[in-house]
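The next block holds one structure in the form of structure tokens; read it before the comments.
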Amino acid sequence: MNYWLVPIQEDVWEVVREMKIYGADRDLSDVIKVGDQLLLYVTKYYAKMYGGKIVAIMEVESDWFQDNTPIFPAERARNRAIYVYRIRLRERELGVCDLRSILKELSFVEEKDQLAKYLRRVPANLGRPIPERDVKVIQECMKEEEFP
């Protein structure tokens with residue numbers, strides 16, 4: 001089992017939270033597997049409430065499958081699927097953790113002044129899993145602020 005940091009937009013987070021489905025525009029089955037845990041990070045782009053924060057840890061519950069049903073906001077706007085590679089998720093932990101507030105404690109962010117480079121792409125952290133020690137720090141941080 002690996003822990004993966006996954007950046008998502010806030011409107012996508014709402015769909016993921018409700019439907020327990022995550023989608024990508026490319027096949028990630030060689031990286032993210034059943035039993036892995038996704039740390040969902042809401043990007044600051046267009047975010048109103050959760051930008052810059054980890055909001056959930058979810059477990060991958062299914063193998064990757066292809067689905068052309070438009071369910072995510074950008075897909076519904078275009079009336080066509082963009083994130084056709086999908087997995088089902090199980091909610092493990094919900095909470096709000098501002099990454100900047102614990103930056104000094106995170107070992108995966110080697111260059112603290114370059115946080116943005118560790119938050120790009122899927123999976124983030126330059127395609128590497130998040131160390132379990134860092135996950136524990138994030139979990140503690142998430143417990144401090146509950147969802148409104």
Side-chain angles (χ1 to χ4, degrees), residues 1-67 71-75 81-148:
M1 174 190 62
N2 287 311
Y3 294 95
W4 300 101
L5 184 62
V6 177
I8 59 174
Q9 291 183 340
E10 196 167 72
D11 58 352
V12 171
W13 159 237
E14 293 166 12
V15 174
V16 171
R17 185 177 183 189
E18 181 182 316
M19 297 183 73
K20 308 293 188 279
I21 292 178
Y22 172 78
D25 60 0
R26 62 188 173 91
D27 185 0
L28 296 169
S29 61
D30 58 329
V31 180
I32 299 174
K33 313 254 186 226
V34 172
D36 284 355
Q37 309 278 315
L38 303 185
L39 287 79
L40 301 177
Y41 169 82
V42 175
T43 62
K44 291 184 179 186
Y45 193 66
Y46 290 129
K48 292 182 176 110
M49 290 184 65
Y50 301 116
K53 297 176 171 125
I54 292 180
V55 293
I57 298 175
M58 294 198 167
E59 182 176 342
V60 177
E61 199 173 45
S62 74
D63 288 322
W64 289 87
F65 60 94
Q66 284 188 279
D67 184 356
I71 61 171
F72 299 104
E75 295 176 332
I82 300 166
Y83 310 107
V84 297
Y85 299 97
R86 298 179 181 172
I87 49 177
R88 288 185 178 74
L89 302 171
R90 179 183 312 129
E91 194 174 284
R92 286 290 179 207
E93 295 181 49
L94 288 179
V96 180
C97 176
D98 185 337
L99 269 187
R100 292 200 180 276
S101 71
I102 58 170
L103 191 57
K104 291 178 190 167
E105 300 172 61
L106 298 175
S107 65
F108 82 89
V109 182
E110 295 151 0
E111 298 172 60
K112 306 296 187 203
D113 60 334
Q114 298 289 317
L115 177 61
K117 90 176 188 182
Y118 299 93
L119 302 175
R120 290 187 195 122
R121 298 195 177 86
V122 175
N125 188 28
L126 311 172
R128 303 174 300 192
I130 302 297
E132 201 166 329
R133 175 196 163 290
D134 287 353
V135 173
K136 289 183 186 338
V137 171
I138 292 166
Q139 287 172 313
E140 285 305 311
C141 176
M142 288 173 69
K143 289 176 187 171
E144 292 174 16
E145 188 178 336
E146 297 293 321
F147 272 101

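FYI, side chains are in, hydrogens and waters are out, and symmetry mates aren't considered; it's all heavy atoms of this structure.
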Under 3.5 Å, side chain of D134 to main-chain N/O of F108, donor-acceptor pair present?
-> yes
How about V6 and M58: do any of their side-chain heavy atoms sit closer than 4.5 Å?
-> no
Which residues pass the side-chain hydrogen bond (donor to acceptor under 3.5 Å, both in side chains) test with E93, sequence neighbours left out?
-> Q139
Please list, chain by chain and in numerical order, all residues satisfying side-chain contact (heavy atoms from CB on, under 4.5 Å) with Y45, sequence neighbours excluded.
-> Q9, T43
For L126, what residues pass the side-chain contact (heavy atoms from CB on, under 4.5 Å) criterion, not counting sequence neighbours?
-> Y118, R128
Tell me, please, which residues at least two apart from L103 pass side-chain contact (heavy atoms from CB on, under 4.5 Å).
-> V109, K112, L115
Sorted by chain and residue number, the side-chain contact (heavy atoms from CB on, under 4.5 Å) partners of V84 (sequence neighbours excluded) come out as Q66, N68, A81
The complete set of salt bridge (Lys or Arg N to Asp or Glu O under 4.0 Å) pairs with one or both residues in residues 115-124, sequence neighbours excluded, reads E111-K117
Residue pairs passing the salt bridge (Lys or Arg N to Asp or Glu O under 4.0 Å) test where at least one lies in residues 46-67, sequence neighbours excluded = E59-R90, E59-R92, E61-R90, D67-R86
Close side-chain approach of I87 to L28, heavy-atom, < 4.5 Å = no
Residues D11, Y46; criterion side-chain contact (heavy atoms from CB on, under 4.5 Å); working and verdict | CA-CA 9 Å; D11 58 352; Y46 290 129; over 6 Å; no
Kindly write out the residues that satisfy side-chain hydrogen bond (donor to acceptor under 3.5 Å, both in side chains) with W4, not counting sequence neighbours, or none if the list is empty.
-> D36
Just wondering, do P7 and Y41 contact through their side chains at under 4.5 Å, heavy atoms?
-> yes
Quick one: CD1 on I71 to CD1 on I82, what's the gap to the nearest 0.5 Å?
-> 11.5 Å
Where at least one partner belongs to residues 18-34, residue pairs that pass salt bridge (Lys or Arg N to Asp or Glu O under 4.0 Å), sequence neighbours excluded = K20-E91
What distance do L5 atom CG and I130 atom CD1 have between them, rounded to the nearest 0.5 Å?
-> 5.0 Å
W64 (side chain) donor-acceptor with I32 (main chain) under 3.5 angstrom | yes
Go through E140 and I102 one step at a time and tell me if the side-chain contact (heavy atoms from CB on, under 4.5 Å) criterion holds.
-> CA-CA 10 Å; E140 285 305 311; I102 58 170; over 6 Å; no
Taking only residues two or more places apart in sequence or in another chain, which ones pass salt bridge (charged side-chain N to carboxylate O under 4.0 Å, His left out) with E132?
-> K136
Across all chains, not counting sequence neighbours, the ring-ring contact (aromatic ring centres under 6.0 Å, His included) partners of F72 are Y83
Listed once per pair and sorted, the disulfide (SG to SG under 2.5 Å) pairs that draw on residues 97-127, sequence neighbours left out | C97-C141
Full working for side-chain contact (heavy atoms from CB on, under 4.5 Å) between V16 and I21 = CA-CA 5 Å; V16 171; I21 292 178; over 6 Å; no
Going by heavy atoms in the side chains, are I57 and M142 under 4.5 Å from each other?
-> yes
Min side-chain heavy-atom separation L40-W13 under 4.5 Å = yes
Check against side-chain contact (heavy atoms from CB on, under 4.5 Å), L106 and I138 | CA-CA 9 Å; L106 298 175; I138 292 166; 4.1 Å; yes
